[in-house]
Chemist: 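Once you've had a glance at the structure underneath, I'll fire off some questions.
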Amino acid sequence: MPSHSMTTKTSHNSGLWLHKLILISVASLLALPIIATFIYSIATQWGATILPDALSLKWYLQLWQDPRFLLAFGRSLIICFGTLLISTLVILPMTFAVFYRFPKLKGLMDLLIILPFAIPPVVSSVGLLQIFADEPFMLVGTPWILIGTYFTITLPFMYRALANSFQGINLHDLMDAAHLLGASTFKAFLLIILPNIRKGLLVSLLISFSFLMGEFVFANILVGTRYETLQIYLFNMRQTSGHFTSALVMSYFLFTLLLTWLATRMSRSGDE
């Protein structure tokens with residue numbers, strides 16, 4: 001019996017080490033391009049040698065001192081946060097209404113959220129150009145058309161994440177209990193339901209933000225340089241130094257990572 005127990009324990013430990021080795025290998029493969037991009041962004045020259053000739057932060061200083069970059073970055077943030085605000089105000093109550101009042105519409109909603117993936121962005125952009133290039137809705141070249149199109153991008157991610165959150169709680173039981181205690185539907189949703197789906201809402205916002213910050217097709221076709229966003233700026237600067245563009249990519253990555261970390265900290269502090 002002791003021999004059998006030790007054999008089982010050894011086999012279990014070997015399995016754990018194998019799993020850790022696989023995870024470390026996958027994580028290393030995923031991190032390798034990021035590390036290489038970061039090293040290239042702080043290298044003065046990196047040509048025929050394995051390692052760069054010297055390291056410097058001049059590309060980051062040059063980037064963050066460029067008024068054109070700061071404007072493009074600010075515009076992207078305004079469009080992203082504006083879209084996420086509108087999406088939250090529209091999609092969150094809509095999802096709640098579907099799951100609480102109109103459960104028969106779940107199948108229809110599952111079909112509707114697939115439509116943005118069924119129509120390629122290039123095709124959508126051509127149609128939007130024909131509709132909004134002339135009177136009475138001349139929105140082409142303005143941030144408003146981007147906010148509208150970006151809303152269609154966030155819809156599938158936000159609805160699906162919120163739908164999973166609503167399915168994970170006893171929605172009707174919580175609402176009935178709140179009504180018995182005298183709370184209105186709005187107050188019950190705000191004080192009871194919303195805290196229970198906070199993590200799902202946070203995840204949907206982070207995923208949507210990542211997609212919106214990296215979106216290029218709609219921004220390039222519908223507004224272009226008339227309202228230069230971060231991705232348009234990156235596209236226009238592609239002929240410059242590769243070190244400079246690497247610094248731009250790493251700045252975007254580090255900003256997104258910082259935002260994710262802050263959101264995670266806020267979620268944990270809320271649980272405590």
Side-chain angles (χ1 to χ4, degrees), residues 30 33-34 37 66 68-91 94-95 107-163 203-240 242 244-253 255-256 259:
L30 294 176
I34 300 174
T37 303
D66 184 6
R68 184 179 169 187
F69 162 74
L70 296 177
L71 283 174
F73 189 64
R75 289 166 182 159
S76 292
L77 291 180
I78 291 173
I79 291 176
C80 288
F81 288 134
T83 303
L84 293 179
L85 177 61
I86 295 174
S87 299
T88 302
L89 294 177
V90 173
I91 300 174
M94 178 191 67
T95 309
L108 177 61
M109 289 302 303
D110 290 337
L111 177 63
L112 290 178
I113 64 173
I114 300 177
L115 293 180
F117 298 109
I119 304 174
V122 175
V123 177
S124 302
S125 300
V126 173
L128 292 171
L129 284 174
Q130 294 179 349
I131 296 174
F132 296 106
D134 299 318
E135 296 287 352
F137 304 106
M138 295 183 62
L139 299 179
V140 173
T142 68
W144 303 111
I145 193 169
L146 281 185
I147 292 177
T149 53
Y150 283 3
F151 174 82
T152 63
I153 296 176
T154 61
L155 175 60
F157 300 108
M158 290 196 67
Y159 177 80
R160 191 70 269 160
L162 291 173
V203 169
S204 67
L205 290 174
L206 289 175
I207 294 175
S208 300
F209 177 82
S210 299
F211 271 87
L212 296 183
M213 284 292 288
E215 201 286 321
F216 172 74
V217 177
F218 283 125
N220 186 42
I221 297 177
L222 297 178
V223 296
T225 56
R226 286 170 288 183
Y227 194 82
E228 190 177 50
T229 61
L230 185 61
Q231 292 300 320
I232 300 299
Y233 174 82
L234 177 60
F235 177 76
N236 293 331
M237 301 297 289
R238 68 190 186 281
Q239 300 297 337
T240 60
F244 182 81
T245 54
S246 296
L248 173 57
V249 171
M250 285 306 304
S251 297
Y252 161 68
F253 173 78
F255 176 79
T256 305
L259 191 67

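Since this is a predicted model, take the numbers as computed values, not measurements. Numbering starts at 1 and runs along the sequence shown.
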Chemist: For Leu222 versus Thr149, what's the shortest heavy-atom pair and its separation?
Modeler: CD1-CG2, 3.8 Å
Chemist: For Leu259, enumerate each residue passing the side chain to side chain contact (heavy atoms under 4.5 Å, CB included) test, keeping only those at least two apart in sequence or located in another chain.
Modeler: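 Here the qualifying residues are Phe209.
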Chemist: Measure the spacing between CG of Asp110 and CZ of Arg160 and express it to the nearest 0.5 Å.
Modeler: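 Interatomic distance, Asp110 CG to Arg160 CZ, rounded to 0.5 Å: 5.0 Å.
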Chemist: Are Thr37 and Phe253 close enough that some pair of their side-chain heavy atoms sits under 4.5 Å apart?
Modeler: no
Chemist: Kindly indicate whether the side chain of Phe69, heavy atoms from C-beta on, has any atom under 4.5 Å from the side chain of Leu230.
Modeler: yes
Chemist: Near Tyr252 OH, under 6.0 Å, is it more than 12 heavy atoms from other residues, nucleotides or ligands?
Modeler: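 Counting neighbours around OH of Tyr252, more than 12 heavy atoms of other residues, nucleotides or ligands fall under 6.0 Å, so yes.
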Chemist: Can you name the closest pair of heavy atoms from Ala118 and Pro120 and give their distance?
Modeler: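 Closest approach of Ala118 to Pro120: O-CD, 3.6 Å.
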Chemist: Does a side-chain heavy-atom distance below 4.5 Å link Met213 with Leu77?
Modeler: yes
Chemist: Kindly compute the distance separating CG (Leu84) from OG (Ser208), expressed to the nearest 0.5 Å.
Modeler: 6.0 Å
Chemist: Rounded to the nearest 0.5 Å, what separation is found between the OG1 atom of Thr225 and the CD1 atom of Ile232?
Modeler: 8.5 Å
Chemist: Side chain to side chain contact (heavy atoms under 4.5 Å, CB included) for Glu215 and Thr229? Distances and angles first, verdict last.
Modeler: CA-CA 10 Å; Glu215 201 286 321; Thr229 61; over 6 Å; no
Chemist: Would you check, one step at a time, whether the test side chain to side chain contact (heavy atoms under 4.5 Å, CB included) holds for Leu248 with Tyr233?
Modeler: CA-CA 10 Å; Leu248 173 57; Tyr233 174 82; 3.8 Å; yes
Chemist: When you measure from the side chain of Ser125 to the backbone of Ile221, do you find a donor-acceptor pair of N or O atoms at a distance under 3.5 Å?
Modeler: no
Chemist: To the nearest 0.5 Å, tell me how far Ile91 CD1 sits from Tyr159 OH.
Modeler: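 Separation between the atoms: 10.5 Å.
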Chemist: Do Leu205 and Met158 come close enough that some side-chain heavy atom pair is under 4.5 Å?
Modeler: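 Leu205 reaches Met158 side chain to side chain.
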Chemist: Nearest 0.5 angstrom please: Cys80 SG to Ile147 CD1, how far?
Modeler: 9.5 Å
Chemist: Kindly indicate whether the side chain of Ile153, heavy atoms from C-beta on, has any atom under 4.5 Å from the side chain of Thr83.
Modeler: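 Contact flag for Ile153/Thr83 side chains = no.
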Chemist: Is there a side-chain contact between Val223 and Glu228, using heavy atoms and a 4.5 Å cut-off?
Modeler: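 When only atoms from C-beta onward are counted, Glu228 and Val223 do not touch, as no gap falls below 4.5 Å.
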Chemist: Can you tell me how far the OG1 atom of Thr88 sits from the CZ atom of Phe81, to the nearest 0.5 Å?
Modeler: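 One finds 11.5 Å between OG1 of Thr88 and CZ of Phe81.
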Chemist: Identify the two heavy atoms, one from Thr154 and one from Ser87, that lie closest to each other, and give their separation to 0.1 Å.
Modeler: OG1-OG, 2.8 Å
Chemist: Less than 4.5 Å apart, any side-chain heavy atom of Leu146 and any of Phe218?
Modeler: yes
Chemist: Do Phe151 and Val90 have side-chain heavy atoms sitting under 4.5 Å apart?
Modeler: yes
